[in-house]
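Worksheet for the structure shown next.
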Amino acid sequence: MIDFRYHLVSIISVFLALAVGIVLGAGPLQANLGDQLGDQVAALRTEKQALNDKLTTSEKTVDATAEYAEAVQQRVVGGRLASHRVVVVVLPSADGTMVTNLEEVVRQSGAALTSTVTVSPDWFDASQASDRAEAARSAATALGLSTSATGDDLLVEVVTALTVSTTASGTSTQRTAAVKALADAGLIDSSAAELTVADLAVVVSGDYAGTEAAVGARSDTVRALVTALAGASRGAVVAGGETLAAAGQPVTSNAVQAVREKSESAALVATVDHARAGAGPATVVLALEGVLDERVAHYGISAGATATVPRVLP
């Protein structure tokens, strides 16, 4: 049996240790620990201030660079697309300011802006497939388009024939009727009742998010449209801004990434992933000029970019 004196000694030892800890904590150790914590807090405050100063300087540099790019934009792009016609195709969730900036730079390049065509989210809604097919048939009939395509493939053919070509398809009355059929179905919104065909296309990207399967299907649909536009015209560029991950969604993508992730589309369609402002709009014009010279490239800082900006040739 364990003697009671053993328990008594153990209890006394515990209380002695506790007393020593209290004395030390209230004395020399307290002062030392307080000094250490004070030094660490002071160091963190200094580091935070340095980072804030660096951020402020970086923001001023970025603003100055953007201001310079906008100031010289017209001189850089002026006349580069003279005698060409450009259509701007706006995908769902595209930034409105980016659209406006790209419309302006197209005009500054000397090209004629034929129209701005905004694509509805219904274009990508699986539950609207039958309604899209019916609208596509109506538009194709109105346009007098002879094709064996059906469903979304037919829709792509119709919109491509209406927006880009080296030779116009259909009469003025037919083209107006085809545009109305698609607009009445809620698939597109056009700035012009009759779409005059362009020989170049700028597709303005917007972000989309969801499951991997849903995003993959959306990317396939985007690629089908932009590659058709590029194939029927003298060139196409997909322009976008930085992609922001959607909260609560496993995957976020955009049209620029969709083009770049497949070698077939990347070889046919140029992209710019920083087209929102600053040097971005001018880069879109220079990318189109490159495509006309059979130089399809991908500019920016995101995955798949082949250069930050193009070389500006005289």
Side-chain angles (χ1 to χ4, degrees), residues 87-94 99 115-165 169-170 174-193 195 197 201 203-233 236 238 240 243 246 248-262 264-265 268-269:
V87 62
V88 175
V89 179
V90 183
L91 297 181
S93 74
V99 174
S115 59
T116 297
V117 178
T118 302
V119 175
S120 163
D122 288 348
W123 188 300
F124 305 94
D125 188 346
S127 67
Q128 301 291 322
S130 60
D131 292 339
R132 286 197 301 274
E134 182 179 350
R137 286 193 298 270
S138 297
T141 300
L143 189 59
L145 188 64
S146 178
T147 175
S148 60
T150 60
D152 286 343
D153 291 338
L154 177 59
L155 181 59
V156 168
E157 280 198 27
V158 171
V159 171
T160 300
L162 285 170
T163 53
V164 294
S165 177
S169 301
Q174 288 176 315
R175 296 177 65 78
T176 299
V179 171
K180 186 175 186 301
L182 296 179
D184 288 347
L187 292 175
I188 67 169
D189 182 18
S190 172
S191 63
L195 293 178
V197 292
V203 179
V204 188
S205 171
D207 292 349
Y208 47 88
T211 64
E212 185 174 351
V215 169
R218 177 76 166 258
S219 294
D220 287 340
T221 304
V222 167
R223 279 190 293 269
L225 175 60
V226 299
T227 54
L229 292 171
S233 67
V238 175
T243 300
Q249 298 293 340
V251 182
T252 302
S253 189
N254 62 20
V256 171
Q257 293 180 19
V259 169
R260 291 179 178 180
E261 66 191 15
K262 296 293 184 180
E264 297 85 354
S265 53
L268 185 63
V269 184

- State the OG-CD distance between Ser219 and Glu212, to the nearest 0.5 angstrom.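 Going from the OG atom of Ser219 to the CD atom of Glu212 covers 10.5 Å.
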Taking all heavy atoms of [X] and all of [Y], pick out the closest pair and write down the distance.
| X | Y | result |
| --- | --- | --- |
| Ala139 | Val158 | CB-CG1, 3.7 Å |
| Ala230 | Leu268 | CB-CG, 3.8 Å |
| Ser115 | Ser190 | CB-OG, 4.4 Å |
| Gly151 | Ala136 | O-CB, 4.1 Å |
| Thr163 | Arg175 | N-NH2, 4.4 Å |
| Ala149 | Leu154 | O-CB, 3.7 Å |

- Message: Between Arg223 and Glu261, is the salt bridge (Lys or Arg N to Asp or Glu O under 4.0 Å) condition met? List the steps.
- Response: CA-CA 10 Å; Arg223 279 190 293 269; Glu261 66 191 15; 3.1 Å; yes
- Do side-chain atoms of Ser165 reach the backbone of Ala161 as a donor and acceptor pair under 3.5 angstrom? no
- Item | N/O donor-acceptor pair under 3.5 Å between Ser265 side chain and Val259 backbone |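 Side chain of Ser265 to backbone of Val259: a pair is present.
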[Y] side chain reached by [X] side chain, heavy atoms, under 4.5 Å:
| X | Y | answer |
| --- | --- | --- |
| Ile188 | Ser120 | no |
| Val256 | Arg260 | yes |
| Val197 | Val164 | no |
| Thr116 | Val90 | yes |
| Ser253 | Tyr208 | yes |
| Thr211 | Val251 | no |
| Leu143 | Leu162 | yes |
| Asp152 | Thr221 | no |

- Task: Might you confirm whether atom CD of Gln249 has over 12 heavy atoms from other residues, nucleotides or ligands at distances under 6.0 Å?
- Result: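 Yes - once you tally the heavy atoms of other residues, nucleotides and ligands closer than 6.0 Å, there are more than 12.
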- Item | Cationic N near anionic O, under 4.0 Å, Arg132 to Asp122 | no
- Message: For Leu91, run the side-chain contact (heavy atoms from CB on, under 4.5 Å) check against Thr118, Val222, Asn254 and tell me which one passes.
- Response: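 With Leu91 as partner, side-chain contact (heavy atoms from CB on, under 4.5 Å) holds for just one option, Val222.
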- Message: Working note: Val88 + Val204, criterion side-chain contact (heavy atoms from CB on, under 4.5 Å); need CA distance, chi angles, decisive distance, verdict.
- Response: CA-CA 7 Å; Val88 175; Val204 188; 3.7 Å; yes
- Message: side-chain contact (heavy atoms from CB on, under 4.5 Å) for Val89 and Leu229? Distances and angles first, verdict last.
- Response: CA-CA 10 Å; Val89 179; Leu229 292 171; 4.2 Å; yes
- Between Asp207 and Thr252, does any side-chain donor sit less than 3.5 Å from a side-chain acceptor? no
- Test log, rule side-chain contact (heavy atoms from CB on, under 4.5 Å), inputs Leu155 and Leu182: CA-CA 9 Å; Leu155 181 59; Leu182 296 179; 3.7 Å; yes
- Task: Report the C-alpha separation of Leu187 and Val119 in whole Å, then their side-chain angles, then the decisive distance to 0.1 Å, and conclude whether the side-chain contact (heavy atoms from CB on, under 4.5 Å) test is met.
- Result: CA-CA 6 Å; Leu187 292 175; Val119 175; over 6 Å; no
